[in-house]
Amino acid sequence: MRKPASVYGRAEKKEKTSAAWGRIHALAIIVFFAGAALLVRLFFVQVVQHERWTALAQGQHIASAELAADRGEVFIHDGENRYPVAINREYPTVYVVPRDVADDERLVSELSSILGVDQGFVREKLAKTDDPFEIIKKRLTEEEAKKVLNLEIKGVGLLPEKYRYYPAGELAAHVVGFASKEDGVTRGRYGVESSQNERLSGTAGKLHQEKDAAGRWIPLSDRDVIVPKNGDDLLLTIDRVIQFETERVLKEAVENHEADRATAIVMDPKTGAVLAMASQPQFDPNAYSAVEDYSLFLNPAVSLTYEPGSVMKPITMAIGIEAGKVSPNTEYVDAGVVSIGGYNIRNSEDKVYGRSSMYKVLNESINTGVIFVEQQVGNKAFKDYFERFGFGEQTGIEVPAELSGNTRNLDNLRSDIQYYTASFGQGITVTPLQLASAYSVLANGGKLMRPHILDAIIRTDGTEERIAPEEIRRVLSEETSKSISKMLRDVVVNGHGKRADVPGYQVGGKTGTAQVAKSDSKGYEDGLTIGSFAGYAPVDNPRFVIVVKIDNPKDVQWAESTAAPVFGRIMGFLLEYAKIEPTEERKK
Amino acid sequence: MTCSQPRLKLARSKPAQADLRGSAHVFVLGVLLAVFVAGGGYVYSVNQNAVHGYQIRSLEKEISVLKQENAKLKIREADLLSLYRIESIGGELEMQKPESVLYLEERDAAVALK
């Protein structure tokens, strides 16, 4: 009997189903192994090599940029206000996008005419069609920038860039120095710009942000920002008006005497604050690249040493009085020469003064007189006091390249001749700042104050840190200070310092006309002198110490005709500027 | 068996049914309205935020421009106050430095009368 068709269909179906399941199983096995292989691969990529691929992805997706910090600015005192001497100023840079420029020749002609650049140079920039950004000129003036904007040519743009600017020009150039840009980074090269570079620079920030495949920043994506910390501002102790007047008087003196160089320092003896530090010749820090002789950038007040000559005699005298070996009225007999070790040390112009007091020793600037004082003190004690005055070591002022001077000739305690010559300022070298600091000791009651040029640090959060005056050590007693001050007053009234006097005021000081040592051999240059005057006023309550140094004047040799009058003019100005009332009747 | 027995009227009456449907409609309308108002309020709020955001951005730009102008003016002020520049102008104007200065004492009384 035939089975029904449905039975035959079911069996067929069963066979077919079984075959299908077999294929499915086979496929499942293939898929399983493929999936397993994929999972293993994923495991390696995502787990084992996770860091590598993450870093690669970040490199592709994350863009980083450094955020430049603003350089701190430098100010000096201007009465109750502050005047900026080093600031940041934006100058436009003109650039072209070569592929966007339609009419090359028109642009070449316009830009070279406005900016004063060579047409060939502009053409060369425009020829780089693959480059999206080519700089044509930096630091445009306002007028040039306006003309470029008025061109309204596609493919030309202006980019603001910050540069250092010195609005006071030459004023205090040696103190402030200058900063220049190198590889996009502004760095101080000389002066306070250099010594305080780290403080002024601040700390750059960073920006990390996602970018798209085309390298463009994605504005709404997450960003990681480290805010830049701008540099601190600095307030110097320099007074703008005192600095200007000092520079002006010094410049006139250099011109009148055809001197090689001149330096003047004005200091507050009670605090060590430097109110003016001027040197001629000067330079304009806005045009430092125009200077050919780089030695011009060095600050002669701290970076040049010299044998000071007779301005050292009051120091020797103060040592003698402090050591109790002489008093202002001590007398000795001058024979005009002191012989030692085959050498003869004579007075200036071979003068002989006979019986002389210590007043006369300073008034007449008698070499043998200070040798007498040194002999009474003794070499070791003299050397100790000399060093206590700060000679032979840096003062620590906040300007770069400060020299310590040379007192090595005093290392041999048995070499009397070195001590004799040192007593009148020859055979040893000092900087003008060390002299000013030493005279401040004479003026302020005997304390060695640290000279400083930084008055305050103004932080970005607005807080100010004032730099307090620092007493290094006591060198003399108050009585010695008073005694020497009287003697210095006598030098100005009765000695070689008359032209340093200011009518109506008690001014004290000392001249020094020193020979210049030969640079390539022993001995001194013929005809070359350095004239100095160091002093202070008012003698009973000193407000200002001034040191003036004139290098190689051509018309007159003696400091009483070169440095002393300069001192007198500056001191006269200062006493009026500070509204100090005269204490004596003004006599012509 | 026939279906002649009357059906028990377990369902609500027609008016009641209508009431229920009406309440449901009101409820739904109310919800829709609330959603609409809330949505509208949300859109308004977002729009206001965007508008304020643009205003803030615009003001920030203005502040930035004013800061730049201020910086330029400070530089200009410093340039004008440069003593070397003033001295040079004094020379061009042929101004004379005073030879001597006479100081007047301050008094409580008038210093100069007609």
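So that the names make sense, note that chain A is the first sequence line, chain B the second, and so on, each numbered from 1. Excluded from the calculations below are hydrogen atoms, water molecules and symmetry mates; all remaining heavy atoms, backbone and side chain alike, are included.
- Heavy atoms of A:Ile87 lying under 4.5 Å from chain B belong exclusively to its side chain.
- Inter-residue side-chain proximity for B:Ser82 and A:Tyr83 is flagged as met; some heavy-atom pair is nearer than 4.5 Å.
- Contacts between A:Asn88 and chain B at a heavy-atom distance below 4.5 Å involve the backbone alone (N, CA, C, O).
- When side chains are defined from C-beta on, B:Lys72 does not count as touching A:Arg89, because their heavy atoms never get closer than 4.5 Å.
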**Q.** Derivation and outcome, side-chain contact (heavy atoms from CB on, under 4.5 Å), residues A:Arg240 and B:Leu81
**A.** CA-CA 11 Å; A:Arg240 186 170 85 112; B:Leu81 286 173; 4.2 Å; yes

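- Looking at B:Ala78, the atoms closer than 4.5 Å to chain A (heavy atoms on both sides) sit in the backbone and in the side chain alike.
- Within a 6.0 Å sphere centred on CD of A:Glu143, other residues, nucleotides and ligands contribute 12 heavy atoms or fewer.
- Heavy atoms of B:Leu80 lying under 4.5 Å from chain A are absent altogether.
- For B:Glu77, no part lies under 4.5 angstrom from a heavy atom of chain A.
- Note on B:Gln68, B:Glu87, B:Lys74: by heavy-atom pairs under 4.5 Å with chain A, the leading option is B:Glu87.
- For the pair B:Ile86/A:Phe244, no side-chain contact is recorded, criterion being any heavy-atom separation below 4.5 Å from C-beta on.
- Looking only at distances, no side-chain donor or acceptor of B:Tyr84 sits under 3.5 Å from a matching main-chain atom of A:Leu171.
- Within 6.0 Å of the NZ atom in A:Lys181, the count of heavy atoms belonging to other residues, nucleotides or ligands exceeds 12.
- Heavy-atom contacts from other residues, nucleotides or ligands closer than 6.0 Å to CZ of A:Arg139 number more than 12.
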